[in-house]
Amino acid sequence: MFHKLSVDDLRVGMYVVDTDVPWMQRPYLYAKEGLLDSGAALDAVRAEGYTEAFIDLTRCAPGSLPPELAALTLTGMEGVRDFLPPPPRVPLAEEIRAARSLYRSSLSQAKDLMDNMRRGVLELPAAEPVVDGILESLDRNADAMVGLCKLRQADDYTYTHCVNVSVLCVVFARGLGLTGDSLHAAGMGGLFHDLGKSLIPLRILNAPRKLNDAEFEVMRRHPSLGHEQLAQVHGVPETVLRIVVEHHEKFNGQGYPGGLAGDGISLAGRIASVVDVFDALSSRRVYKDPMPLSKSLSILFSMRGKEFHPGMVERFIRLLGVYPVGSAVELEDGGFGVVSASNPAFPLRPKVTLVRDAAGALLPRRELDLSETGMPGVVKTVTAKDLGADPAQVLGIPPGP
C-alpha cells in the first residue's frame, strides 16, 4: 500500500518505492527503491534536493510509521493480514465462459430467494451451490467474475446487486487473508445482505427515482428485517448475520440501523459496507447510469476514515487496482486499451489489452503487462467512445446479462 510523504517526514525504517513516475513530470520525487536503513541515508535524500517520496506501508520496519500511518496497516485487526491473492490458474478468456454461466444462474437463484422470502419462505440451502460456484470461479481467475459484475449490467438492480456484493465480499475477504468457512460465510452474507428488502413495499423498492425522506426511513429498516428473518434459522454463521445487519453501519457512527461506530462494527460488516457502496456507485439504477469504476473508487477513497474504517478502502483499491478490470484507459505512449487483469502488488500497473495506437488505428488485440520494465503507464481512464470499442467485448464477454 503506497503513501506519499514529504521527505521531511521520512524516518529510518521506511521503505521507499519506485512508482515509475517520469522524472520530467516529478523532478523532485525521490524514487530509488529500498529501505532507508540509517540517518545518513535520510540526510542524503534531503541533501540531493528531493521534496517528496512514496513509501510502501506494508514493507516499512516495525515502529517506523507514525500513528496515523500505522492505522492504515492491519495492526489491531485480529485475524487479518495483508495477503496477495494467488495468480489466476486459467486464462481470462477461458474462465469468462464458465463465469458467465454461473453469473446468470446466480441471478436466477437470487431472484428466487427474494421472491420466496416475500411469500414467507426462506431457503438457505438453495444458496449453498451459488456461493460454492463463486468461490471456485474466483479461485480459477478472479478477474473473470469481477469483470462480469461490472461490465454486464442487468436490468434488475436488486438481484444483480446481491450477486455482485457476494462476489466482491469474497474477493475482499480473500484479499485480507481469510480462508475456508470464513470465505464461504462472506459470500453467503453478501448474497443475503439485502434480504430485508424483500419485506419492503415494492412501490418503495422499485421507485424510479431517489426516495423521499419518509420512504427512505422505511427502506432503512431492511437490515433489521433481514437479520430478524435469518436469526430464526438454526446454524446461520455469525458472519452472515453481521453482514446483513451491519452493511450500512459507518465508522463515524452515522450509519444504521444501530448507529454502531469504530470497533463496534465487525470485520465482516466493514467488508460489506465498502463493497455495498462501491457496487451501488458503479451499477446502473433506474434513475442513474453507472459511475465509471475509477470514479467510484475515488469516491470511496474520499470516505476513508469517516464512513469506512482506516485502511479498509485502501486495501479494497489495492485488490481491484486503481484501474479495475474492464476500465478503458489511455497509456503514456498514446495507445488505448482495456484493463484485463488486476495487479495487487502494483495497483497502478495492471495488465491491459491493447485496442488502438496513438494515431487511432485499431491494433491486433494483445495483452501488455504494465509492470514489466519499459512498459508505458496509465495516463487516465477514458470512455468507451474514446476507446472506440465496447470494453466487455474486448475482454470476450458476450452481450447480455
Side-chain angles (χ1 to χ4, degrees), residues 85 88 92-93 95-104 106-107 110 134 137-138 140-175 187 190-191 193-194 271-272 274-285 288-301 313 316-329 337-344 347 350-353 355 378 380-387 389-401:
L92 179 69
E95 183 56 29
I96 280 289
R97 293 190 291 272
R100 185 179 183 234
S101 176
L102 172 64
Y103 190 76
R104 286 187 296 185
S106 298
L107 287 177
I134 289 172
S137 179
L138 292 173
R140 291 189 296 265
N141 189 321
D143 291 321
M145 187 61 81
V146 172
L148 278 168
C149 286
K150 296 292 86 187
L151 290 176
R152 276 290 154 250
Q153 301 279 346
D155 291 335
D156 200 318
Y157 170 77
T158 299
Y159 309 127
T160 58
H161 181 60
C162 289
V163 175
N164 292 353
V165 169
S166 180
V167 170
L168 293 171
C169 275
V170 173
V171 169
F172 198 1
R174 187 176 72 156
L191 194 64
H193 82 287
D194 271 346
I271 290 171
V274 172
V275 166
D276 181 67
V277 173
F278 171 71
D279 189 66
L281 291 172
S282 57
S283 294
R284 185 180 307 280
R285 309 287 288 273
K288 78 170 187 69
D289 288 333
M291 187 175 291
L293 300 179
S294 59
K295 178 64 174 177
S296 300
L297 291 178
S298 176
I299 289 177
L300 284 187
F301 192 73
V313 172
F316 186 64
I317 293 174
R318 180 187 182 191
L319 289 166
L320 291 193
V322 176
Y323 309 104
V325 172
S327 299
V329 295
V338 176
V339 176
S340 55
S342 57
N343 186 352
K351 291 183 178 179
V352 170
T353 297
V355 174
V378 174
K380 61 181 179 180
T381 57
V382 297
T383 65
K385 182 178 180 181
D386 295 328
L387 180 70
D390 177 2
Q393 293 184 5
V394 171
L395 298 185
I397 301 175

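All of these numbers come straight from a predicted model, not from anything done at the bench. As a basis for the values below, the full set of heavy atoms in this structure was taken, side chains included, without hydrogen atoms, waters or symmetry mates.
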[X] versus [Y], closest heavy-atom pair with distance:
{"X": "Val171", "Y": "Leu320", "answer": "CG1-CD2, 4.5 Å"}
{"X": "Val165", "Y": "Asp279", "answer": "CG2-CB, 4.4 Å"}
{"X": "Ser166", "Y": "Leu191", "answer": "CB-N, 3.6 Å"}
{"X": "Gly147", "Y": "Val325", "answer": "CA-CG1, 4.2 Å"}
{"X": "Ala389", "Y": "Val355", "answer": "CB-CG1, 4.3 Å"}
{"X": "Ser282", "Y": "Pro290", "answer": "O-CB, 3.3 Å"}

Roughly how far, to the nearest 0.5 Å, is the [atom2] atom of [Y] from the [atom1] atom of [X]?
{"X": "Leu300", "Y": "Leu297", "atom1": "CG", "atom2": "CG", "result": "6.0 Å"}
{"X": "Leu148", "Y": "Arg100", "atom1": "CG", "atom2": "CZ", "result": "8.0 Å"}
{"X": "Thr158", "Y": "Leu107", "atom1": "OG1", "atom2": "CG", "result": "11.5 Å"}
{"X": "Tyr103", "Y": "Ser137", "atom1": "OH", "atom2": "OG", "result": "12.0 Å"}

In chain order, what residues pass the side chain to side chain donor-acceptor pair (under 3.5 Å) check against Ser296, with sequence neighbours excluded? none

Less than 4.5 Å apart, any side-chain heavy atom of [X] and any of [Y]?
{"X": "Pro88", "Y": "Glu95", "value": "no"}
{"X": "Leu395", "Y": "Ile96", "value": "no"}
{"X": "Val170", "Y": "Met145", "value": "no"}

Listed by chain and number, what are the side chain to side chain contact (heavy atoms under 4.5 Å, CB included) partners of [X], not counting sequence neighbours?
{"X": "Ser342", "answer": "Asp143, Pro344"}
{"X": "Ala272", "answer": "Cys169, Ile243, His247"}
{"X": "Ala142", "answer": "Leu138, Arg174"}
{"X": "Val352", "answer": "Val329, Val339, Pro350, Leu370"}

Using 30° and 60° as the class limits, which term best fits the ring planes of Phe278 and Phe316: parallel, tilted or perpendicular? perpendicular

Please answer whether the main-chain N or O of Ala280 pairs with a side-chain N or O of Ser283 as donor and acceptor at a distance below 3.5 Å. no

Trace of the side chain to side chain donor-acceptor pair (under 3.5 Å) decision for Tyr323 with Asn343: CA-CA 10 Å; Tyr323 309 104; Asn343 186 352; over 6 Å; no

Carefully, step by step, assess Val163 and His161 under the rule side-chain contact (heavy atoms from CB on, under 4.5 Å). CA-CA 5 Å; Val163 175; His161 181 60; over 6 Å; no

Does Thr381 form a side chain to side chain donor-acceptor pair (under 3.5 Å) with Ser327? I'd like the steps, not just the answer. CA-CA 7 Å; Thr381 57; Ser327 299; over 6 Å; no

Output all residues satisfying salt bridge (Lys or Arg N to Asp or Glu O under 4.0 Å) with Asp390, sequence neighbours left out; order by chain, then residue number. Arg152

Walk me through whether Lys150 and Asn164 qualify under side-chain contact (heavy atoms from CB on, under 4.5 Å). CA-CA 8 Å; Lys150 296 292 86 187; Asn164 292 353; 4.1 Å; yes

In sequence, state the C-alpha distance, the side-chain angles, and the governing distance for Ser340 and Lys351, and then conclude on side chain to side chain donor-acceptor pair (under 3.5 Å). CA-CA 6 Å; Ser340 55; Lys351 291 183 178 179; over 6 Å; no

Show, in sequence, the C-alpha distance, side-chain angles and deciding distance for Met291 and Ile299, and conclude whether the side-chain contact (heavy atoms from CB on, under 4.5 Å) test is met. CA-CA 10 Å; Met291 187 175 291; Ile299 289 177; 3.4 Å; yes

